Trainee: 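First the structure, then my questions, so here it is.
In what follows, every heavy atom counts, from backbone to side chain, and hydrogens, waters and symmetry copies are set aside. Note that the structure is a prediction, hence the values are computed from the model and not measured.
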Amino acid sequence: LQCILPDVLNNEYVLYAIAHASNEDIFEFHGCQAIISLGWSQAWLSASVDSVLSISLAIIFAVITIFLSRAEPASAFGFVLLGTAAVLVTV
């Protein structure tokens, strides 16, 4: 397939057409399976890192929320410290 259509594996229009195909029988073709397998083998690491970072960020914000909800109202330093930590984490 690569010899017939050069650079077809890196063409976003081909991937979009496969993803939005109205007929699911397209996934039974070996060429389509090869394109999807190659795309996933190139993208799995960044998708995994993105998922781990999103989960870590959610856990950090949950911990910050727990600390802020249990903090004494008179302790403004704790709020400033945790707010600064939240800003630093998101940057």
Trainee: Report all side-chain donor-acceptor pairs from residues 37-46 shorter than 3.5 Å, counting only partners two or more places apart or in another chain.
Mentor:
unit_1	atom_1	unit_2	atom_2	d
S37	OG	Q33	O	2.9
S41	OG	S37	O	3.4
S41	OG	L38	O	2.8
S46	OG	A43	O	3.1

Trainee: Decide if atom CD of E24 counts as having more than 12 heavy atoms of other residues, nucleotides or ligands within a radius under 6.0 Å.
Mentor: no
Trainee: Let me confirm one number: the NE2-CG distance from H20 to L15, rounded to the nearest 0.5 Å.
Mentor: 11.5 Å
Trainee: To the nearest 0.5 angstrom, please state how far the CD1 atom of I26 sits from the CD1 atom of I18.
Mentor: 5.5 Å
Trainee: Which pairs of donor and acceptor atoms, one on a side chain in residues 54-65, lie under 3.5 Å apart (sequence neighbours left out)?
Mentor:
unit_1	atom_1	unit_2	atom_2	d
S54	OG	D50	O	3.0
S56	OG	V52	O	2.8
T65	OG1	F61	O	2.7

Trainee: So for atom CZ, which belongs to F27, do other residues, nucleotides or ligands contribute more than 12 heavy atoms lying within a distance under 6.0 Å?
Mentor: yes
